[in-house]
Every structure is written in C-alpha cells, then in structure tokens.
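Every number for a ligand or one of its atoms is a count from 1 in the order of the listing. Owing to the predicted nature of the structure, the values given are computational and were not obtained by experimental measurement.
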Amino acid sequence: MRPTPAANPGLFVSFEGIDGAGKSTHIAGLADAFKAQGRAVTLTREPGGTPLAEKLRGIVLNDAMDPLTESLLVFAARRDHLLTVIEPALARGDVVLCDRFTDATFAYQGGGRGFDLAVLKTLEQWVQTTPALQGNGLRQPDLTVWFDITPEVAAARLADARTPDRFEAQPVAFFRAVVEGYAAREKAQPERFARLNAEQPREAVWSDLLAHVVQRGWLRVH
Ligand SMILES: Nc1ncnc2c1ncn2[C@@H]1O[C@H](COP(=O)(O)OP(=O)(O)O)[C@@H](O)[C@H]1O
Ligand SMILES: Cc1cn([C@H]2C[C@H](O)[C@@H](COP(=O)(O)OP(=O)(O)O)O2)c(=O)[nH]c1=O
C-alpha cells in the first residue's frame, strides 16, 4: 500500500556561516515560529544528527587529519544523516532545520583548507543522490540562510564565549577563505540562498530571517 501523502510538502532549510555568526541564536526561534503555525519541525545539525554521525563529529572536531580524510568523514556523516533523519522527515512533511549542510564542506574544506572542489562535487553527487528523489535528483536545501559576517566581528563574539574546537581555533585568514567559499556557493546557486547581514543587532537579523521565510509563503505574518 502506498503511504498517505503528507499534508504539507517537507521543507529543508540549512543555516550557514562562520563560527560565531549567530546561527544557533536564531534556529530555535525559527523552529518555534513554525510550530506555532502547526508545522512539525525536525531540528538537526551537521556534522551529526544521528548516533553514527555524532561519533564522526567528535573525531572531525578533535583529531588532526588531512583534508581528504576530513572531507570523507563529513560526507560519511552526511550520508547517514540524510538517509536516516532528513529524508524520512521530509517524507512526513516536516520542516527540517539543519545547522550546516554541504555548503559548509565547500566553505571549510574547499575554502578554508583549500581542498579540491572537483572532489567535493563528486562526493556531493554520491552522497546527496537519494532514492527519495526520482531520477538522479540531488537533494539540496530548499533554502540556505547564510549568516554573513566578517571574521573579526565573529571572533570578537566568540572570545570568552566557548572553548574553541579545531576549526574555531583557526586564524582570521582561514575564516576569510571560508567566507569566500560561501560566497562562491551563493554565486553558483543564488535562488537557494538568503544572505543575511549578521553583523546587525540580534533583532534586525531575526526580522530579516523571518522576512525571507514569509516571502516564500512558508510562514504567515500576524
Ligand atoms: N546579532 C548579534 N549581535 C551580537 N552578538 C550576537 C548576535 N547573535 C549572536 N550573538 C552572540 O554571539 C555568540 C555566537 O553566536 P552563535 O549563535 O553561537 O553563533 P554560531 O552558532 O553561528 O556559531 C553568542 O555568544 C551569541 O550570544
Ligand atoms: C558540516 C561541516 C562543519 N564543519 C565545521 C564547521 C564548524 O567549525 C564545525 C562544527 O560546526 P558547529 O556545529 O557550527 O559548531 P558549534 O556547535 O561549535 O557551533 O564543523 C566543517 O568543517 N565541514 C562541514 O561539512
């Protein structure tokens, strides 16, 4: 028997930006806004989101390794996450809010580490081609919210805020290259991106974020 189609089509939203850009600050608020309008929300993150992927996250954030190893591990985590959490949630009609997805790999491994973008593109094809999409469709977020901020402002926010992991401990030049990596992804797929000026006060960032979601007809204004 065919499963009953979900009442709402699933929505896949990813959140991107360098460490300290303000993603975590706003994701929970957006989840509450969707829930208040009757949507089921799956809140998740990368690397991580499943028991296996969370183990890989611990390794990626703490152990030294070469950029290919790093890329393979984040994509391995992504494959497990996509098949066991994201695709089932989208099939149920959930709003999936994901703290980072593949753009982070292009920005951090591709931009920051300078790793081969062609290899990343191949891995993206392998990992994000899922049986849920007919033909050879590639699963991509319906919307990617990019919290754009300079490394200097982000670093000032993070100073004292938390103990840095292997990425957060990188110098400003690394984060400049990460920002370039995000900019290149936005340029290649502008229809999927909403770029926010993340240097604004929290309230202004929040209202810009809401405006993008409302504009797409995914949330109603009160
Ligand atoms: N618009 C803002 N202005 C000033 N500080 C902010 C703003 N947004 C978030 N912060 C603070 O900056 C730090 C990093 O924010 P966070 O949401 O954890 O960033 P991310 O998840 O992108 O790494 C936190 O201490 C947070 O309270
Ligand atoms: C998803 C992903 C994250 N990362 C990095 C970026 C972040 O520095 C780190 C973890 O992301 P994040 O969850 O934002 O860290 P935190 O919980 O400290 O806010 O992993 C990559 O290098 N490649 C990837 O593909």
Which residue supplies the protein heavy atom nearest to atom 17 (O) of ligand 1, what is that atom called, and how far is it?
-> Thr25 OG1, 2.6 Å
Hey, does Gly22 come in under 3.5 Å of ligand 1, counting only N/O atoms on both sides?
-> yes
Hey, is ligand 1 close enough to Lys23 that some N/O pair sits below 3.5 Å?
-> yes
May I ask you to identify the nearest protein heavy atom to atom 1 (N) of ligand 1, giving residue, atom name and distance to one decimal place in Å?
-> Gln200 O, 2.9 Å
Using a distance-only test with no angle check, is there a side-chain donor-acceptor pair under 3.5 angstrom linking Arg192 and Thr144?
-> yes
Other hydrophobic cluster members with Phe106, side-chain heavy atoms of Ile/Leu/Val/Met/Phe/Trp/Tyr under 4.5 Å, chained?
-> Leu68, Leu72, Phe75, Phe115, Leu117, Val119, Leu120, Leu123, Trp126, Val127
Test ring pair (Phe, Tyr, Trp, His ring centres under 6.0 Å) applied to Phe101 - qualifying residues, sequence neighbours left out = Phe12
Could you tell me whether some N/O pair between His26 and ligand 1 is separated by less than 3.5 angstrom?
-> no
Give the residue, atom name and distance (to 0.1 Å) of the protein heavy atom nearest atom 12 (O) of ligand 1.
-> Arg157 CD, 3.4 Å
For atom 21 (O) of ligand 1, which candidate among Ala159, Ala161, Ser24 holds the nearest heavy atom?
-> Ser24
Just checking, is any N or O donor in the side chain of Arg78 or Thr105 under 3.5 Å from an acceptor N or O on the other one?
-> yes
Which protein non-hydrogen atom lies closest to atom 18 (O) of ligand 1, naming both residue and atom, and how far is it?
-> Arg162 NH1, 3.1 Å
Which atoms of ligand 1 have any heavy atom of Pro201 under 4.0 Å away?
-> 1 (N)
Non-hydrogen atom of Ala21 closer than 4.0 Å to ligand 1 | yes
Ring pair (Phe, Tyr, Trp, His ring centres under 6.0 Å) involving Phe167 - partner list, sequence neighbours excluded | Tyr108
For atom 27 (O) of ligand 1, which protein heavy atom lies nearest, and how many Å away is it?
-> Arg202 NH2, 2.9 Å
Is there a protein heavy atom less than 4.0 Å away from atom 6 (C) of ligand 1?
-> yes
So which residues, sorted by chain and number, lie with a heavy atom under 4.0 Å of ligand 2?
-> Asp19, Glu46, Pro47, Arg57, Leu61, Val74, Arg78, Arg100, Ala104, Thr105, Tyr108, Gln109, Arg162, Asp165, Phe167, Glu168
